[in-house]
Amino acid sequence: MKKKLVSSVLIAAMLLSMTACGSDNQAADSNAAGTTGGTEASGDGDTTAASDLEPVTLKMYFHGSNVTDDSQVLEKVNEYLQQQINVTLEPIWGTWGDFDTNAVLSLQGGDDVDIYFTCSWSADEYNKFARDGYWVRLDDPENNLIEKYASDLWDVLPEVLTNGATINGSDGYGVYAVPGYKDIATQNCWDVNMTRMRDLGYTDADVEHLDYYSDEFEEMLAKAKEAGGSDFYPLLVEGAVLERMVDNSIIVTGDSGTGNFMSYYLDPTDVSKETSYGNKILNKFATDEFKKFAERTRHFFEAGYIDPAMANANQANDTRTAKQLTGEYLIGTQSYALGYELQASDERKIEVKMVPCTEPYVDTTSSQGAMMAISTASKNPERAMMFLNLLNTDSYLMTMLNYGIEGVHYELKDGLVEFTDKRADYQPWTNGMGNVTILPATTAQGDEFWTTFKNYYGTAKQIPILGYAYDATNCETQMGSVANVVAEYMLPLCTGAVDPDEKLPEFLQKLDDAGINDILDDANAQLDEFMAAKGN
């Protein structure tokens, strides 16, 4: 059983991100088709016979799909939906290439589409489009769709997800989309080449707690450099990730286009608590933490521990990836996902160990990573909410929409899903559809996968400002100017390629000149307003 669990975790990250996931093994059995028995379960526990509901067609815009033939699936899905809530589903299978443009045009044109995929990173960005009035507020006190039609759904979602979905929108502070229960936690880790570590005489115990500023950390790098030679660089870094790992700073949602100059600081011993900075957005480059980090990183660069290519934006990613895959490093930086330790070991043909810098946490970006919103142009928002409730709580429906038809797109082997060749014709993006934890596990994942998944993601803590996202509307000019300055200075400073004593004061002056303080004042005013609405 232990071997099966290892195998399942190894493949989990790839399956979750591009194809499929799993849950209760018996749920995929077509004999267990649903749990509502031809009735629609409302939020307060009352039931309404599907035959008493007017027939409704719902159009739903998905993201990231690879679907060339959905005829058999939709026949079964719509037969079931008509029995349950008298709905016919018409999916729009947006792809990675066309979703951003087409979905935004559809929304701005007021198209007859009921439900859209939205998130913190797509062009129809959750916070902005909620503020602009495109999404229905689902917990509106005057018409609380969640209470009426989706309390079952709200009960199965982790509190960090429902909290992360609660934002300032056009109709006040509330929920404007259903968050997907997927790989929601963030955790930065040291990526340790244990094969090389063991060759140097170190054990697992020696790397359980790595401190960037300790003598032991530098000793490891020095030994590896001596053994590897002048062309070997033991510290393999992604500059921005390295800084966040060392300083316990996080990306502020809404700042992604600027090089992430704004930061919120976490308590590494308990990410749910405030630090001495409190709930405040900072220019991280102006903090004592960043100055100390830049000086230490410069020391490592001058000692020959960091490859100069890491400071070149045109070379850094390709070089880092190539050296990871060939094991040409001792310690690296990594944003972790469940199962990546084993996946990386398999890919690189070395023993890889992930050493966390903090416990797993849920921030705004990750909690809003995949969501479904009801459009204010929808003629049937109530039925759309009924559908989203059913989709996220009924394993039979979720399995059909994700995996297709048993006997056609997949077979069940000992209760686990094994895909057929026909799966190539029907591959929706599972993480973009909703609650992945009610899917049956695949043979690759193994029957213990969802226990591991829920233990990791379902227990992750939320950061104090969960749900906050910066709206840059008031400072668009300054944001552009700051972005240009950050692009010039950040990467060299975060990889040690330049002297911080010389370049950091110059950098900070140019940020001031570009209007960074206007942005910070605006961001903190918005944060104060958000926290007040949140009740903090």
Side-chain angles (χ1 to χ4, degrees), residues 10 13 187-247 292-337 339-357 490-500 503:
L10 170 62
Q187 188 173 35
N188 291 322
C189 294
W190 294 112
D191 171 351
V192 181
N193 182 341
M194 281 306 300
T195 301
R196 198 176 286 269
M197 275 286 185
R198 295 192 198 286
D199 289 343
L200 295 172
Y202 294 103
T203 67
D204 286 334
D206 293 321
V207 301
E208 283 181 357
H209 303 286
L210 293 175
D211 181 351
Y212 194 63
Y213 298 107
S214 70
D215 292 339
E216 291 78 12
F217 192 95
E218 183 169 8
E219 178 190 86
M220 291 174 178
L221 298 178
K223 285 186 176 181
K225 179 69 176 181
E226 183 179 2
S230 60
D231 293 331
F232 174 71
Y233 301 97
L235 187 55
L236 185 61
V237 302
E238 186 176 356
V241 175
L242 176 64
E243 185 277 328
R244 291 195 293 270
M245 289 174 58
V246 174
D247 290 345
K292 180 181 179 183
F293 159 75
E295 290 171 347
R296 180 67 163 176
T297 306
R298 176 61 173 173
H299 170 67
F300 286 159
F301 183 91
E302 291 187 309
Y305 302 153
I306 299 174
D307 190 334
M310 296 302 101
N312 186 322
N314 295 322
Q315 300 177 14
N317 286 339
D318 289 345
T319 302
R320 177 173 169 271
T321 298
K323 293 197 172 189
Q324 275 186 322
L325 290 174
T326 55
E328 294 181 59
Y329 70 100
L330 181 70
I331 301 173
T333 57
Q334 187 64 50
S335 183
Y336 181 72
Y340 188 67
E341 184 174 67
L342 297 174
Q343 177 188 331
S345 296
D346 184 65
E347 289 176 342
R348 303 174 195 175
K349 311 304 179 191
I350 58 174
E351 181 187 352
V352 175
K353 184 179 181 67
M354 296 290 165
V355 180
C357 293
M490 184 184 72
L491 188 58
L493 281 166
C494 287
T495 54
V498 296
D499 183 356
K503 291 297 182 180

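Between Arg296 and Val246, every side-chain heavy-atom pair lies at or beyond the 4.5 Å cut-off. In this structure the side chain of Asp211 never reaches within 4.5 angstrom of the side chain of Glu216, judged on heavy atoms. Side-chain contact between Tyr213 and Phe293 is present, with heavy atoms from C-beta onward closer than 4.5 Å. With a 4.5 Å cut-off on side-chain heavy atoms, Phe301 and Tyr233 do not count as touching. By the 4.5 Å heavy-atom criterion applied to side chains, Val192 and Met354 are not counted as neighbours. Side-chain contact between Arg320 and Thr333 is present, with at least one heavy-atom pair separated by less than 4.5 Å. Between His209 and Val355, the closest side-chain pair of non-hydrogen atoms is not below 4.5 Å. When side chains are defined from C-beta on, Ile331 counts as touching Met197, because their heavy atoms get closer than 4.5 Å.
In the model, Asp191 has a side-chain atom that pairs as donor or acceptor with a side-chain atom of Tyr329 under 3.5 Å. A side-chain donor from one of Thr203 and Asp206 sits under 3.5 Å from a side-chain acceptor of the other. Glu219 and Tyr202 form a side-chain donor-acceptor contact under 3.5 Å, judged by distance and modelled atom types alone. Gln334 and Glu238 share no side-chain donor-acceptor pair at under 3.5 Å.
Contacts of His299 classified as side-chain hydrogen bond (donor to acceptor under 3.5 Å, both in side chains), with partners at least two apart in sequence or in another chain: Glu218. Residues that satisfy the side-chain hydrogen bond (donor to acceptor under 3.5 Å, both in side chains) test with Thr297, not counting sequence neighbours, are Tyr212. Not counting sequence neighbours, Lys503 has no partner by the side-chain hydrogen bond (donor to acceptor under 3.5 Å, both in side chains) test. Applying the side-chain hydrogen bond (donor to acceptor under 3.5 Å, both in side chains) criterion to Arg298, with sequence neighbours excluded, gives Glu302. For Thr326, the side-chain contact (heavy atoms from CB on, under 4.5 Å) partners two or more places apart in sequence, or in a different chain, are Glu328. For the salt bridge (Lys or Arg N to Asp or Glu O under 4.0 Å) test, residues two or more places apart in sequence or in another chain that qualify with Glu295 are Lys291.
Formation of a donor-acceptor pair under 3.5 Å by the Lys353 side chain with backbone atoms of Asp204 is not found in this model. A donor-acceptor contact shorter than 3.5 Å is absent between the side chain of Ser345 and the backbone of Glu351. Looking at Lys323, its side chain never comes within 3.5 Å of a backbone N or O of Leu236 through a donor-acceptor pair. Between the side chain of Arg196 and the backbone N or O of Gly327, at least one donor-acceptor pair lies under 3.5 Å.
Tyr336 and Trp190 have their aromatic ring centers separated by at least 6.0 angstrom.
Summarising the geometry, atom CD belonging to Glu243 is positioned 4.5 Å from atom CG belonging to Asp247; distances are rounded to the nearest 0.5 Å. Rounding to the nearest 0.5 Å places CZ of Arg198 at 10.5 Å from CG of Asn193. Distance OG1/Thr495 to CE/Met490: 9.5 Å, rounded to 0.5 Å. The structure places CG of Leu200 at 6.0 Å from CG of Leu330, a figure rounded to the nearest 0.5 Å.
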Q.
Walk me through whether Lys349 and Thr195 qualify under side chain to side chain contact (heavy atoms under 4.5 Å, CB included).
A. CA-CA 10 Å; Lys349 311 304 179 191; Thr195 301; over 6 Å; no
